[in-house]
Amino acid sequence: MRQDLIEQARGVLRRNDRGAYTVPTHGLYPFQWNWDSALSALGFSHFDEARAWTEIETLFAHQWADGMVPHIIFHQQDDGYFPGPDVWDTGRPVPTSGITQPAVAGFAIRRIFDRAGNRTLAERKARALLPRVHAWHQWFYRDRDPQGTGLVAILHPWESGRDNSVDWDDAFDRVPTDGVMPFRRRDTAHANPAHRPTDEQYKRYIWLVQHFRSLGWDNAKLHDASPFRIVDPGFNAILIRSCSDLAGLAEKLGEMEIAEQSRAFATRGIAAMDTLWNGKLGQYACQDRALGALIDSPSIGGLLAAFCAIPEHRAQAIAERIGKLAQSARFLVPSHDPEAPEFDSLRYWRGPVWLIVNYMIADGLKNAGQRAMSERIFSDCIRLIEESGFAEYYDPITAEGCGGGDFTWTAAMVIEILSTQKAPA
Ligand code: GLC
């Protein structure tokens with residue numbers, strides 16, 4: 001059974017493999033996505049280490065001069081996706097978007113390096129990637145935390161990876177829509193429109209893109225010029241975890257300067273994370289940086305904070321909070337609290353379960369000694385696959401598989417979980 005699932009998952013990766021990068025799924029997402037690639041590399045690393053390294057190398061080959069790593073790389077022309085390269089207009093030789101995504105590559109590289117069978121290859125690849133990943137982290141703390149708070153802001157909902165989470169409904173409402181170019185969405189031709197973001201939300205997504213474009217994609221200007229500035233605990237936890245993993249890797253490779261600076265980023269970040277603790281919700285929560293206020297939204301972003309080394313009592317509180325969610329969701333971890341009025345079990349990031357987020361939460365809880373909850377989450381991942389196959393995401397109550405099918409990072413997580421956890425199924 002286990003081996004059978006692994007075989008099926010490899011088949012999904014192979015079908016979405018375009019040679020030097022994978023697409024998240026054919027149709028809906030026909031290009032390379034940033035955090036999809038880093039997490040998918042974990043799956044490849046169990047059966048083709050060279051291919052895993054290539055996935056991440058291709059991503060970093062399109063890093064900008066200032067250190068930013070874009071969220072989409074448009075390797076080839078495809079009219080099935082909007083907004084395409086002409087809308088972003090970032091002026092890159094191979095077109096890319098102009099915003100970023102969760103910085104999970106540092107974590108992925110460290111994990112692939114630590115368990116690599118081919119040590120020579122791993123050392124060569126990790127040594128070459130190390131300064132590039134570090135430059136990305138430096139970019140974050142320079143251009144997305146200009147006040148030096150220790151926490152970075154996202155300037156577009158797509159940067160968070162949790163596109164239309166409830167967390168920024170209010171902040172997003174303040175983004176204007178006047179002057180938005182007329183456009184035709186393509187996502188609704190591939191997925192059920194009732195599960196996708198609304199047209200009103202799409203107009204605001206595009207307004208932000210046009211706004212940043214009018215500023216010449218100059219990252220030194222975008223933070224202060226954006227009406228949308230959110231400090232997302234999950235996003236920051238991923239960055240912090242990558243910084244501390246990179247510090248460890250740099251030490252092993254004798255790159256002491258990178259090690260020290262990465263360690264300093266992580267230490268300062270973990271201390272600052274506590275400013276996002278929302279006592280009322282019993283979890284971390286987003287902060288609206290434009291208003292300087294915490295947002296009362298019980299989403300998975302606050303639980304994903306467990307991916308970095310938060311204090312033990314906080315990790316325990318998160319495990320308890322997830323335990324409460326289990327009273328209303330059959331499958332953990334719903335992306336929004338099922339008891340909250342905005343919960344929607346099928347709509348993008350407003351309720352459904354994503355395996356990649358589950359994996360990161362479970363990994364963090366395991367490190368923090370919260371073994372029972374970690375194992376429960378890993379096993380729910382496999383139960384979902386057994387019921388509904390390799391979907392993009394799942395209804396936390398019925399297990400219905402939604403969004404795109406044959407999904408790369410879902411398959412990668414199955415390989416990763418079944419190959420590394422004792423008996424999750
Ligand atoms: C959606 C998700 C995002 C992901 C992308 C490709 O936009 O919200 O996190 O990277 O699809 O899978």
Side-chain angles (χ1 to χ4, degrees), residues 12-13 15-18 21-43 55-56 59 69-75 78 80-84 87-88 96-97 99-105 108 154 156-168 172 185-193 195-198 201-202 204-206 208-209 230 232 234-235 238-239 299-301 304 307 335-336 344 346-361 390-394 401-413:
V12 172
L13 258 54
R15 282 195 289 287
N16 291 334
D17 188 350
R18 298 292 175 269
Y21 69 95
T22 48
V23 296
T25 184
H26 47 85
L28 187 59
Y29 305 117
F31 314 107
Q32 183 178 23
W33 260 258
N34 184 325
W35 73 323
D36 294 66
S37 265
L39 291 161
S40 302
L42 291 173
E55 186 74 24
I56 302 180
L59 177 64
V69 183
H71 101 294
I72 303 176
I73 298 143
F74 299 102
H75 289 284
D78 193 311
Y81 182 83
F82 176 85
V87 180
W88 293 95
T96 71
S97 73
I99 57 172
T100 194
Q101 255 194 336
V104 73
I154 54 160
H156 193 295
W158 292 342
E159 292 200 308
S160 72
R162 300 186 294 117
D163 302 12
N164 65 321
S165 163
V166 175
D167 290 356
W168 33 83
F172 204 41
R185 293 174 61 171
R186 302 290 201 283
D187 57 317
T188 41
H190 302 288
N192 185 340
H195 300 171
R196 297 285 306 174
T198 62
Q201 284 170 323
Y202 248 80
R204 296 184 206 282
Y205 294 145
I206 300 307
L208 284 172
V209 171
I230 298 286
D232 173 353
F235 190 93
I238 291 173
L239 176 58
S299 86
I300 202 164
L304 183 50
F307 191 46
S335 46
H336 203 73
D344 186 333
L346 295 170
R347 202 183 275 273
Y348 239 56
W349 296 105
R350 299 174 82 88
V353 177
W354 264 259
L355 254 62
I356 37 116
V357 182
N358 272 10
Y359 169 73
M360 290 184 273
I361 295 176
F390 300 92
E392 182 174 5
Y393 62 88
Y394 303 85
C402 307
D406 245 9
F407 220 83
T408 303
W409 66 9
T410 305
M413 289 301 101

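Start at 1 and go down the list; that is how both ligands and their atoms are numbered. Both backbone and side-chain heavy atoms feed into the values below; hydrogens, waters and symmetry mates do not.
- With ligand atoms numbered from 1 in the order given, ligand 1 contributes 12 (O) to contacts under 4.0 Å with heavy atoms of Phe407.
- In this structure, the protein non-hydrogen atom closest to atom 9 (O) of ligand 1 is Gly161 O, 2.7 Å.
- Between Trp409 and Phe407, the angle of the ring planes lies from 30° to 60°, which puts this pair in the tilted group.
- Between Trp354 and Trp349, the ring planes are parallel. Angles under 30° get that label, and only those over 60° would be called perpendicular.
- When all heavy atoms of Ser335 and Arg350 are compared, the pair lying nearest together is OG-N, 3.8 Å.
- Proximity of Trp409 to ligand 1 is established by a heavy-atom distance of less than 4.0 Å.
- Looking at Trp35 against ligand 1, only its side chain comes within 4.0 Å, counting heavy atoms.
- For Trp354, the heavy-atom gap to ligand 1 stays at 4.0 angstrom or more.
- Residue contacts with ligand 1 include Gln101, since one of its heavy atoms falls under 4.0 Å from the ligand.
- Closest heavy-atom approach to atom 2 (C) of ligand 1 among the candidates Asp163, Ile356, Leu39: Asp163.
- Checking side-chain atoms of Thr410 against main-chain N and O of Ala391 turns up a donor-acceptor pair under 3.5 Å.
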Candidate pair Tyr21 and Phe31, rule ring pair (Phe, Tyr, Trp, His ring centres under 6.0 Å), full reasoning: CA-CA 9 Å; Tyr21 69 95; Phe31 314 107; 8.9 Å; no
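- With hydrogens left out, the protein atom closest to atom 12 (O) of ligand 1 is Asp36 OD2, 2.7 Å, a heavy atom.
- Contact atoms of ligand 1 toward Trp349: 2 (C), 8 (O) (distance under 4.0 Å to a heavy atom of the residue).
- Taking the six-membered ring for Trp and thresholds of 30 and 60 degrees, Tyr29 and Trp33 have ring planes more than 60 degrees apart, a perpendicular arrangement.
- Residue-to-ligand polar distances place Tyr29 within reach of ligand 1: an N/O pair is separated by less than 3.5 Å.
- Of the possible donor and acceptor atoms, none in the side chain of Trp158 sits under 3.5 Å from a partner among the backbone N and O of Gln101.
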